[in-house]
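Only this structure's heavy atoms are used, side chains among them; waters, hydrogens and symmetry mates stay out. Since the model is a prediction, treat every value here as computed from it, not as a measurement. Positions are given from 1 along the sequence.
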Amino acid sequence: MKSKHYTSKALTLYICLLLSVSSFAQTLEQQIDTYISEQYTSETPSVSILVAKDGKAIYNKAFGIANFELDVKAAPKHVYEIGSITKQFTAVAILMLEEQGKLSLDDEITKFISDYPTQGKTITVHHLLNHTSGIQSYTGMASFMKLARQDMTPLELIDKFKNEPMEFDPGTQFKYNNSGYILLGQIIEVVTGKSYADFIQTQIFDKVGMSNSYYGSMVDLIPNRASGYSETETGYRNADYLSLTLPYAAGSIMSTTGDLLKWQNAISANQLIKKSSLDKAVNGSKLNNGEDINYGYGWIKGDVNGSRTIEHSGGIFGYTTNGVFLPEDNVYVIGLTNCDCKNVGALVTNVAAMAIGKPFPKKEDAITLSASQLSKWVGAYEFDGVIRHITLKDKQLFSQREGSTNLEIYPMTETNFIFDGGDTTYDFYTEDGNRMVKMKLGGQSIVGKGIDKAPPSERQEIALDAETLTGYIGKYEIQPGFEIAISVRDNKVYGLATGQGEVELFAEAKDKFFLKVTPADIHFNRNADGTIESLTLFQGGQEMLGKKIE
């Protein structure tokens, strides 16, 4: 009798626990559904997002459109370009070869690419993996855009950047660098005698069971490929063409959220590399002077509301991606989008915070402060040479990094403010009577000290007559393969640069325009008879002349 009573109580407790878990899952599903559906609809490109707990998917859905032209709704089966998350696969491939004794992370790169001009520097495999080589990143070179449509072998691609000046001595600085991972791909080919694509297919995809993952191609038929898009002022358009021979080992893999969960589970189970190798990849690294950096080998150390993460994001023509693993919670969140216009990193971070029961505050939760409470934080702050200005307008505080856009910040307390999304925060305080602020983003904190500097003046736009505006219409070649197309609609001027979304230009004088979405100016130049013959783009300290070609 006692035994039956005990069994009955245990059964009741078990049922209650099941109901509790089910209720929690339902609540989490509703939270995520509501959050994502506000951003991705039947009129936007898509997002495919998966949340896993203890290696099993507890949320796996897609929102939005996978292909506008065919009116295909997104589903978890759709395949996306994952961009720089590819670097995790390249790093693991290198670590696999190290475990097999086929290379050492301390090997100089000239052991594998003998004619690489190291300019008298010692550059090792380690330097390539953690972005401390000092080699220039080819994607930051002005010539990159004109190469976008050109298929190249790895060695042909390396030839495009290998003779560029070094940016710093190896190991002395961290600077994210796609060229380093191109070199790593070539090293894998030299060591194994296989193409990078073949090695990743046979040694990783096949072993892990990633049957919906591919070394990307713009020629091969990819089942369930989600089309890539860019956003303009007037809607979405197909993303610019990019030969996937160019991102190569730095960014050419395509996959699904389900396959990337298999990848994460294989990594967590040490199926491909030993724990000792994984520790090197995920625990960051050091510069020559002993300073810690958050990037290890293909993973970045981060934080979601106090919970440690290892993560990586990706961005490539038409796609943005982000994957976050929280080791202590054993939670993995992966988000893939088919537009290079959305901040999927903020979305994934917010979903991860929901999944571990630590949701970020929302701007809707902001409290009301008086003008005097807000004004005490107004002024300029210096963060390691970067100046941010806090301004007050109509009882709303704004933060603006010099040369960037002005963004609202919302008070959670008298001293704590959040940006839209909640994952970036300011904590204001005073120290020895001086204004101070601690900025937290992705688990990293940086302190800004109040300084005496006036904010940049707000630029005033003017209206120009229709005849003047019509004269600006045309295409302007900055360099071969990189053009700016100027159009006019409803007495507004728009610019569309190769590989970028359309943006509105604002006139502050005849022939002189500025952008609001990014710090840049465009001035139109006239010939002797007053006809527009060229434009000059002022951006990032450079002046780039574009001749009118049509």
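Between Tyr297 and His126, the angle of the ring planes goes over 60°, which puts this pair in the perpendicular group of the 30/60° scheme. Aromatic ring pairs are classed by plane angle as parallel below 30°, tilted from 30° to 60° and perpendicular above 60°; the pair His312 and Tyr295 is perpendicular.
Residue Lys53 qualifies as enclosed at atom NZ: its count of foreign heavy atoms under 6.0 Å is above 12. Counting heavy-atom neighbours within 6.0 Å of Lys73 NZ, excluding the residue itself, gives a total of 12 or less. The number of heavy atoms from other shown groups lying within 6.0 Å of CD (Glu43) does not exceed 12. Counting non-hydrogen atoms of other residues, nucleotides and ligands closer than 6.0 Å to CG of Asp384 gives a total of 12 or fewer. Counting non-hydrogen atoms of other residues, nucleotides and ligands closer than 6.0 Å to NZ of Lys61 gives a total above 12. For NZ of Lys274, the number of neighbouring non-hydrogen atoms (other residues, nucleotides, ligands) closer than 6.0 Å is 12 at most.
Salt bridge Asp427/Lys440: absent, no basic N to carboxylate O contact under 4.0 Å.
The aromatic ring centres of His389 and Phe398 sit 6.0 Å or more apart. Between Phe419 and Tyr426, the gap from one ring centroid to the other is short of 6.0 Å.
Listed by first and then second residue, the disulfide bond (SG atoms under 2.5 Å apart) pairs involving residues 301-355 are Cys339-Cys341 (not counting sequence neighbours).
The only option from Ile187, Val125, Leu103 that meets the side-chain contact (heavy atoms from CB on, under 4.5 Å) definition with Leu97 turns out to be Leu103.
At least one donor-acceptor pair closer than 3.5 Å links the side chain of Glu189 to the backbone N or O of Tyr196. Between the side chain of Lys363 and the main chain of Tyr410, no donor-acceptor pair closer than 3.5 Å is present. Here the side chain of His131 pairs a donor or acceptor atom with the backbone of Asn177 at under 3.5 angstrom. In this structure a side-chain-to-backbone donor-acceptor pair under 3.5 Å is missing from Glu231 to Glu502. Of the possible donor and acceptor atoms, one in the side chain of Thr309 sits under 3.5 Å from a partner among the backbone N and O of Asp303. A donor-acceptor pair under 3.5 Å is absent between the side-chain atoms of Tyr332 and the main chain of Val324, judged by distance alone. With hydrogens and angles disregarded, a donor-acceptor distance shorter than 3.5 Å links the side chain of Tyr138 to the backbone of Leu246. Formation of a donor-acceptor pair under 3.5 Å by the Ser48 side chain with backbone atoms of Leu336 is not found in this model. Put simply, the side chain of Asn338 never gets that close to the backbone of Pro45: no donor and acceptor are under 3.5 Å apart. Using a distance-only test at 3.5 Å, with no hydrogens or angles considered, a donor-acceptor pair links the side chain of Ser179 to the main chain of Gln136.
Taking CG of Asn416 as the start and NZ of Lys438 as the end, the distance is 11.5 Å to the nearest 0.5 Å. Distance check, rounded to the nearest 0.5 Å: CD1 of Ile32 to CZ of Phe63 gives 8.5 Å. The CD1 atom of Ile82 lies 7.5 Å from the CD1 atom of Ile334; values are rounded to the nearest 0.5 Å. Interatomic distance, OG1 of Thr41 versus CD1 of Ile65, reported as 8.0 Å (0.5 Å rounding). A distance of 7.0 Å separates OG1 of Thr202 from CZ of Phe199, quoted to the nearest 0.5 Å.
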Q | Test log, rule side chain to side chain donor-acceptor pair (under 3.5 Å), inputs Thr124 and Asp106 | A | CA-CA 6 Å; Thr124 66; Asp106 294 325; 5.5 Å; no
Q.
What verdict does the side-chain contact (heavy atoms from CB on, under 4.5 Å) test give for Tyr181 and Thr86, after you've listed the backbone C-alpha separation in whole Å, the side-chain angles of each residue and the deciding distance to 0.1 Å?
A. CA-CA 10 Å; Tyr181 274 73; Thr86 299; over 6 Å; no
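Donor-acceptor pairing under 3.5 Å is recorded for the side chains of Lys87 and Asn178. In the model, Ser84 has a side-chain atom that pairs as donor or acceptor with a side-chain atom of Tyr176 under 3.5 Å. Side-chain polar atoms of Ser277 and Glu99 form a donor-acceptor pair below 3.5 angstrom. Defined by atom type and a distance below 3.5 Å, a donor-acceptor pair is missing between the side-chain atoms of Asn288 and Thr172. Between the side chains of Asp198 and Tyr215, not a single donor N or O lies within less than 3.5 Å of an accepting N or O.
A pairwise comparison of heavy atoms in Glu311 and Gln88 identifies C-NE2, 4.3 Å as the closest pair. Nearest heavy-atom pair, Thr245 versus Ser243, reported as atom, atom and distance to 0.1 Å: OG1-OG, 2.7 Å. Pro170 and Ser133 make their closest contact through CG-O, 3.4 Å (heavy atoms, listed as atom of the first residue, atom of the second, distance).
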Using distance only, find each side-chain donor-acceptor pair of residues 342-353 under 3.5 Å and give its atom names and separation, not counting sequence neighbours.
unit_1 : atom_1 : unit_2 : atom_2 : d
Lys342 : NZ     : Gln39  : O      : 3.2
Asn343 : OD1    : Gly345 : N      : 3.4
Asn343 : OD1    : Ala346 : N      : 3.2
Thr349 : OG1    : Gly345 : O      : 2.8
Asn350 : ND2    : Tyr35  : OH     : 3.4
Asn350 : ND2    : Ala346 : O      : 2.8
Asn350 : ND2    : Gly421 : O      : 3.1

